[in-house]
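Here the structure is laid out as structure tokens; the discussion comes afterwards.
Both ligands and their constituent atoms are indexed starting at 1 by order of listing. Note that this is a predicted model, so its numbers are computed, not measured. Numbers here are sequence positions counted from 1.
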Amino acid sequence: MEQFLVDKTQDESRQGEAYAPTHAREAQYNRHFYIESYGCQMNFADSEVVASILQGEGFGATRNVEEADLIFINTCSIREKAEQTVRKRLTEFKKLKKNNKQLLIGVLGCMAERLKSKFLEEEKLVDIVVGPDAYRSLPSLVMEAAGGQKAVNVLLSREETYADIAPVRLDSNGVSAFVSIMRGCNNMCSFCVVPFTRGRERSRDWKSIIEECKDLFEKGYKEVTLLGQNVDSYYYTSTQPDAPVVTFANLLEKVAQISPNLLVRFSTSHPKDITDEVLYTMAKYENICNYIHLPVQSGSSRILQLMNRTYTREWYMAKVDRIRSIIPDCGISSDIIAGFCTEEESDHEDTLSIMRYSKYDFSYMFFYSERPGTLAARRYQDDVPEKTKKRRLQEIVALQNQLSLESNQKEIGKKYKVLIEGDSKKNEQEWKARTSHNKVVVFPKTNLSHKKGDFVTVQITECTQATLRGEIVLS
Ligand code: 5AD
Ligand code: SF4
């Protein structure tokens, strides 16, 4: 699950907005909803399921919060700061009620699950509270709230995958889409609140995944990213007696076979679960991008054990070697936590050295933030002083910047076939794309016949630590 979108330490060029405003006001509807999403890509994908459910009830999307009848905020609990941001935003939304007495405000996602009816009782910030497995009950909850009742559903499910709900693509570039393949997480990483807020792991029926990907491709999409907290443990067993089991490698292959012109990405991989079979499938299909997000969290075996990551430093390094031997040209990125409980200077040095060993192309880096109810909060003391955590994080960020620059410098002169995703953020005269390794590349719009969704060959000419710059060449 580990790829998160809201954090200042993350590389801006790869981030979405802190929230995803929905598409422009859908005029054919009388009533409108506004939805903002925080946190991981999974939340953004869930908001598209919510949008589909609300549309079925006659609500259209709007980008303008002032004209909304319903406001939803899809929340993240991963770090304390994420929750603070949401609270601030909810206070702002509440003020809109002065001019619109009918306005209903709902909180969705992990923070709803964690705080449950506390939101209604103690804080009186919202009218509706819905956990990640309860979105189907939104229509009845909205009715209850409109009738002045408390509307809460935070039941977690062992089965819900929303397999049959066709997501309404919000704020999409029409070229790349996220497809959720599983929900929940069975790993009990001791720092992580997700197993408590998103419940047990379950895999979505592979047929519905393939149908969704095919449908996207038919609608002109050229890239799908398969999403799950831990995609490599995808495992679908049908209720039909002789139907074969489908593993993540099988699923990846099925998606890749839809068309060679559909790029396939996935996130996130827990190092313990990514198999050789997955790596060989990646190597076999050119349209499966050569990129793995492989969070290490820490480079110290002692800390990894306290984190309950179930691998050692040496085991992780061997996994990196294995990836590089099967897919020699593979981008690897990571999540890293600085200052976990009991972390000493020598553990921190181990983290820096595993970063050098793995040569991450980029990383999402955080300092440890204790989350109530997690194993770490119950078992260990959050004993690394904040100043030390921040200093170590800074050192990690500085090293990553250097590694990213070195990795990008190696790209100069190389040619890549890339998918045009849209305009570059900074300059409308330039396109933005990503290489197979998930590196952002910008290049001038030299040929006016090119458009978003086209594949072009780009030669890399320059780079910064965050971005490659190139020019379109003949392949
Ligand atoms: N404190 C800091 N970072 C955390 N992460 C998860 N839980 C915490 C926490 N309590 C990080 C991990 C994970 C990423 C999504 O967020 O690195 O992979
Ligand atoms: Fe990811 Fe571990 Fe949290 Fe599961 S418990 S979501 S694997 S960090």
**OP:** Only heavy atoms count here, so choose which of Ser363, Ser369, Cys40 is nearest to atom 10 (N) of ligand 1.
**Re:**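 The option holding the nearest heavy atom is Ser369.
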Subject >> Qualifying residue for side chain to side chain contact (heavy atoms under 4.5 Å, CB included) with Thr268, from Cys40, Cys185, Pro295 >> reply: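 Of the listed options, the one satisfying the test is Pro295.
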**OP:** Give me the one residue out of Glu113, Met111, Glu83 that meets side chain to side chain contact (heavy atoms under 4.5 Å, CB included) with Thr75.
**Re:** Met111
Numbering the atoms of ligand 1 from 1, which are under 4.0 Å from a heavy atom of [X]?
X: Ile78; result: 5 (N), 6 (C), 7 (N), 8 (C), 9 (C), 10 (N), 16 (O)
X: Tyr368; result: 1 (N), 2 (C), 10 (N)
X: Ile337; result: 3 (N), 4 (C), 5 (N), 12 (C), 17 (O)
X: Gln297; result: 12 (C), 13 (C), 17 (O), 18 (O)

Which segment of [X] sits under 4.0 Å of ligand 2 when only heavy atoms are counted:
X: Pro295; result: neither
X: Arg309; result: side chain
X: Asn187; result: both

Original post:
When the ring planes of Tyr162 and Tyr135 are compared, do they come out parallel, tilted or perpendicular, using 30° and 60° as the limits?
Top reply: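 Plane angle under 30°, so parallel.
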Residue [X] vicinity, atoms of ligand 2 by number, heavy atom under 4.0 Å:
X: Cys185; value: 4 (Fe), 5 (S), 6 (S), 7 (S)
X: Pro195; value: 5 (S)
X: Val194; value: 6 (S)
X: Gln229; value: 6 (S)

Do [X] and ligand 1 have an N or O pair less than 3.5 Å apart?
X: Cys192; answer: no
X: Asp335; answer: yes
X: Arg371; answer: no

Does any non-hydrogen side-chain atom of [Y] lie less than 4.5 Å from one of [X]?
X: Pro195; Y: Asn187; result: no
X: Arg183; Y: Met42; result: yes
X: Thr310; Y: His270; result: yes
X: Lys222; Y: Leu263; result: no

Original post:
atom 2 (Fe) of ligand 2 to Cys189: any N/O/S contact under 2.8 Å?
Top reply: yes
**OP:** Look at Cys192 and state whether any of its N, O or S atoms is less than 2.8 Å from atom 4 (Fe) of ligand 2.
**Re:**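 Cys192 does not place any N, O or S atom closer than 2.8 Å to atom 4 (Fe) of ligand 2.
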Subject >> His293: which of Tyr364, Phe266, Tyr360, Phe362 passes ring pair (Phe, Tyr, Trp, His ring centres under 6.0 Å) >> reply: Tyr364
Original post:
Quick one: salt bridge (charged side-chain N to carboxylate O under 4.0 Å, His left out) partners of Lys410, sequence neighbours excluded?
Top reply: none
Subject >> Residue pair Phe196 / Leu156: nearest heavy atoms and the distance that separates them >> reply: O-CD1, 3.7 Å
Original post:
Which heavy-atom pair separates Cys76 from Gly39 by the least distance, and what is that distance?
Top reply: CB-CA, 3.7 Å
**OP:** With heavy atoms under 4.0 Å as the rule, classify the contact between Tyr364 and ligand 1 as side chain, backbone, both or neither.
**Re:**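 No part of Tyr364 is near ligand 1 at this cut-off.
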